[in-house]
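Okay, structure first, notes after.
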Amino acid sequence: MDIYFILGKLILIVIIFAISLLTAMYSTYGERKIAGFFQDRLGPDRAGPWGILQPLADGGKLFFKEEILPVNANMALFIAGPSLSMLTACMSTAIIPWGTYLDIFGTKFVLQVADVNIGLLYIFGVVSLGVYGVMIGGWASNNKYSLLGAVRAASQNISYELAMGLSVIALIMLNGSLSLAEISRNQGESLFGLSGLNWNIFYQPLGFLIFIVCAFAECNRTPFDLPECETELVGGYHTEYSSMKLGFYLFAEYINMFVSSAFMAVLYFGGYNYPGINFVEANLGHNAAVIIGLAALFAKILFFIFFFMWVRWTVPRFRYDQLMKLGWQILIPLAIFNILLTGVGIMLFDN
Amino acid sequence: MNGEAYLGILTFLGTGGLFLLVTFSISKALRPDKPDPEKLSIYECGEEAVGNGQIAFNSRFFVIALIFVLFEIELIFLFPWAIVFSDPKMIRANGSAWTGLAMLEMLAFVFILLMGLVYAWAKGHLDWIKPITVPTETKSSIPNEQYQNINIKYSGSIVKENNIQA
């Protein structure tokens with residue numbers, strides 16, 4: 001461990017923080033623009049050219065708003081709620097492999113903050129902690145609507161976490177590793193004679209379907225946005241929040257969206273791999289291949305973020321009994337069936 | 001190797017904490033602070049809040065949490081199983097019978113837990129109460145069947161289902 005290693009990691013951490021915050025900020029702009037497009041109107045267009053400064057204006061507004069701390073609220077927990085939400089949302093980005101490594105003047109610069117060999121378990125640990133942020137915040141507000149929203153969020157998240165975990169088990173059976181770097185590397189092999197196209201989606205279509213539905217539920221996005229369902233619960237778990245603490249809750253939602261899009265891209269859609277990666281590496285050099293791979297990963301992530309928004313403005317909200325039925329009675333049995341299918345497939349083809 | 005990785009995560013956590021602290025302090029320095037009793041009261045649609053907000057809620061949520069714990073433990077046991085299942089080293093050491101045996105063991109394990117899910121399902125713990133829709137009475141010279149006929153004529157299956165329920 002030398003000083004360059006630590007310095008490199010620090011730079012990478014700051015860049016990743018900046019990128020995830022920036023993506024989250026511009027997701028709010030993208031969401032409103034896309035909503036405008038779907039509903040045949042313009043969306044924000046006053047702040048800067050095409051309204052491109054709108055997220056900055058919104059962020060500034062949150063800083064300058066007065067903060068209201070309700071009298072009966074539990075102050076320490078009231079502050080802990082949004083902080084925990086924000087922190088857990090950011091923490092999951094630490095293990096995403098953005099590429100293999102860059103070769104800068106003979107020094108290897110690994111494009112991943114931490115290659116832990118229990119990568120997927122780490123994600124589940126951190127994602128589960130996210131429930132506490134909402135639950136603590138909703139309970140500490142001392143408001144009946146907040147509490148109901150928080151309880152709904154908790155029970156929805158734990159229900160869908162199970163199906164998500166089961167769908168990922170099938171993926172691990174295929175790859176034989178929990179490390180995200182290794183899962184990405186496995187997907188770089190060739191398929192149909194084209195290098196970098198051995199994506200897991202071709203082996204796990206059902207698993208991916210379960211995963212994406214659960215990702216929507218975990219992010220509390222429409223059609224599963226019952227925790228903050230405004231027609232029933234005023235504002236859900238963040239009814240009592242204002243100023244920057246409200247900002248953190250909203251921000252955490254968009255960061256979660258970014259993170260789950262990244263995981264969908266890494267786990268099922270090849271991560272930083274793209275068709276013809278070996279050809280590029282042989283002709284243009286290693287660094288060029290890695291940078292194009294980074295661009296490919298971001299293109300996939302942005303597509304999934306767009307998909308999140310597309311669904312939001314297309315599908316209406318579920319009813320609570322439908323939500324529970326889908327999670328427990330359809331997705332969990334389906335995920336177990338998927339494990340069985342994968343196991344039989346491996347037995348037939350590998351032996 | 002792994003120590004370095006966890007150091008990376010720790011640094012990440014530190015950076016995140018620092019970011020939160022800085023944002024909260026900037027926000028505290030910039031925002032106005034003029035509290036009054038009206039502002040600080042709980043917002044429940046403009047009504048004065050009755051009683052404490054931290055009420056006891058539907059015990060169904062508790063049952064769901066219990067079943068969740070059961071399945072989460074199953075999940076934790078499945079993670080190491082999934083890793084050794086297709087491990088080439090294990091297959092080489094134990095021959096082609098390895099995958100079959102591993103699969104069978106897992107099936108027995110999942111079957112026992114699946115029984116738990118089936119039990120909860122049969123007992124009705126997974127069935128949430130459906131909302132009862134009561135159609136509003138309207139005093140109109142046009143009979144109700146006319147409306148229903150129009151609904152059935154111009155709709156997909158969803159409205160038809162609702163009509164049957166009503």
Side-chain angles (χ1 to χ4, degrees), chain A residues 1 9-10 13-14 17 63-72 83 86-87 90-91 94 113-117 121 139 141-148 151 155 158-159 162 165-166 169 172-174 176-178 234 239-240 243-244 319-321 324-325 328-329 332 336 343 346-347 350-351, chain B residues 2 4-6 8-9 11-13 15-17 19-20 23-24 26-27 30-35 37 39-45 49 52-55 57 61 64-65 68 71-72 75 78-79 82-83 85-88 91 96 99-100 103 106-107 110 114 117 121 126-131:
Chain A
M1 266 221 298
K9 283 282 184 236
L10 266 178
I13 287 171
V14 170
F17 252 97
F63 274 109
F64 285 105
K65 280 288 172 187
E66 181 180 352
E67 184 165 77
I68 294 160
L69 297 164
V71 267
N72 291 329
S83 311
M86 188 72 185
L87 208 57
C90 290
M91 282 299 287
V113 174
D115 178 19
V116 283
N117 52 6
L121 276 178
W139 187 83
S141 307
N142 208 337
N143 178 329
K144 294 173 197 88
Y145 294 106
S146 298
L147 181 69
L148 204 55
V151 171
S155 104
I158 62 174
S159 302
L162 288 177
L166 288 171
I169 293 275
I172 301 166
M173 284 163 72
L174 269 177
S177 175
L178 289 168
V234 191
T239 304
E240 290 298 336
S243 180
M244 212 51 218
R319 222 167 47 207
Y320 204 77
D321 63 301
M324 285 317 220
K325 192 174 172 179
W328 286 98
Q329 303 183 0
I332 289 179
I336 291 177
I346 291 175
M347 272 162 69
D350 271 16
N351 287 346
Chain B
N2 250 324
E4 280 175 16
Y6 291 111
I9 288 178
T11 324
F12 208 88
L13 191 66
T15 319
F19 167 76
L20 283 175
T23 324
F24 272 140
I26 293 175
S27 159
L30 289 177
R31 68 181 177 230
D33 187 25
K34 299 189 198 82
K39 264 188 206 168
L40 296 185
S41 64
I42 295 286
Y43 178 75
E44 282 180 5
C45 305
N52 196 346
Q54 286 148 1
I55 41 168
F57 46 84
F61 289 109
I64 288 286
F68 162 73
F71 269 86
E72 191 76 342
L75 206 61
L78 280 182
F79 270 103
I83 294 218
F85 177 71
S86 58
D87 191 354
I91 294 174
S96 59
T99 39
M103 196 74 204
M106 192 278 292
L107 278 183
V110 169
L114 211 56
L117 182 69
W121 195 330
L126 301 182
D127 298 318
W128 220 262
I129 303 165
K130 279 186 191 165

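A, B, ... follow the sequence lines: proteins, then strands. Residue 1 opens every chain. Computed from a predicted model, the values in this text were never measured in an experiment.
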For [X] and [Y], which heavy atoms make the closest approach, and how far apart are they?
X         : Y         : value
Leu87(A)  : Gly16(B)  : CD1-C, 3.5 Å
Ile83(B)  : Gly176(A) : CG2-O, 4.0 Å
Met103(B) : Gly343(A) : SD-CA, 3.6 Å

At a 4.5 Å cut-off on heavy atoms, which part of [X] comes close to chain B: side chain, backbone, both, or neither?
X         : answer
Phe17(A)  : side chain
Met91(A)  : both
Glu240(A) : side chain
Leu178(A) : both
Ile158(A) : both
Leu69(A)  : backbone
Ser141(A) : backbone

Return the option, out of Trp328(A), Phe64(A), Tyr145(A), with the maximum number of heavy-atom pairs under 4.5 Å with chain B.
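Heavy-atom pair counts peak at Trp328(A).
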
Using a 4.5 angstrom heavy-atom cutoff, name the option from Met324(A), Lys65(A), Lys144(A) with the most pairs to chain B.
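Top count of heavy-atom pairs under 4.5 Å with chain B: Lys144(A).
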
Begin from the C-alpha positions of Leu78(B) and Leu166(A) and carry the test side-chain contact (heavy atoms from CB on, under 4.5 Å) through to its verdict.
CA-CA 9 Å; Leu78(B) 280 182; Leu166(A) 288 171; 3.9 Å; yes

What is the distance from atom [atom1] of [X] to atom [atom2] of [Y], rounded to the nearest 0.5 Å?
X        : Y         : atom1 : atom2 : result
Leu75(B) : Ile169(A) : CG    : CD1   : 5.0 Å
Cys90(A) : Phe12(B)  : SG    : CZ    : 6.5 Å
Ser83(A) : Phe24(B)  : OG    : CZ    : 4.0 Å

For a side-chain contact (heavy atoms from CB on, under 4.5 Å) check, start with the C-alpha distance between Leu162(A) and Glu72(B), then their side-chain angles and the critical distance, and finish with the verdict.
CA-CA 7 Å; Leu162(A) 288 177; Glu72(B) 191 76 342; 3.5 Å; yes

With a 4.5 angstrom heavy-atom cut-off, could you sort out which part of Phe79(B) is near chain A: side chain, backbone, both or neither?
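Backbone plus side chain of Phe79(B), per the 4.5 Å heavy-atom cut-off to chain A.
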
If you count heavy-atom pairs within less than 4.5 Å of chain A, which of Thr23(B), Thr11(B), Leu117(B) leads?
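It is Thr23(B).
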
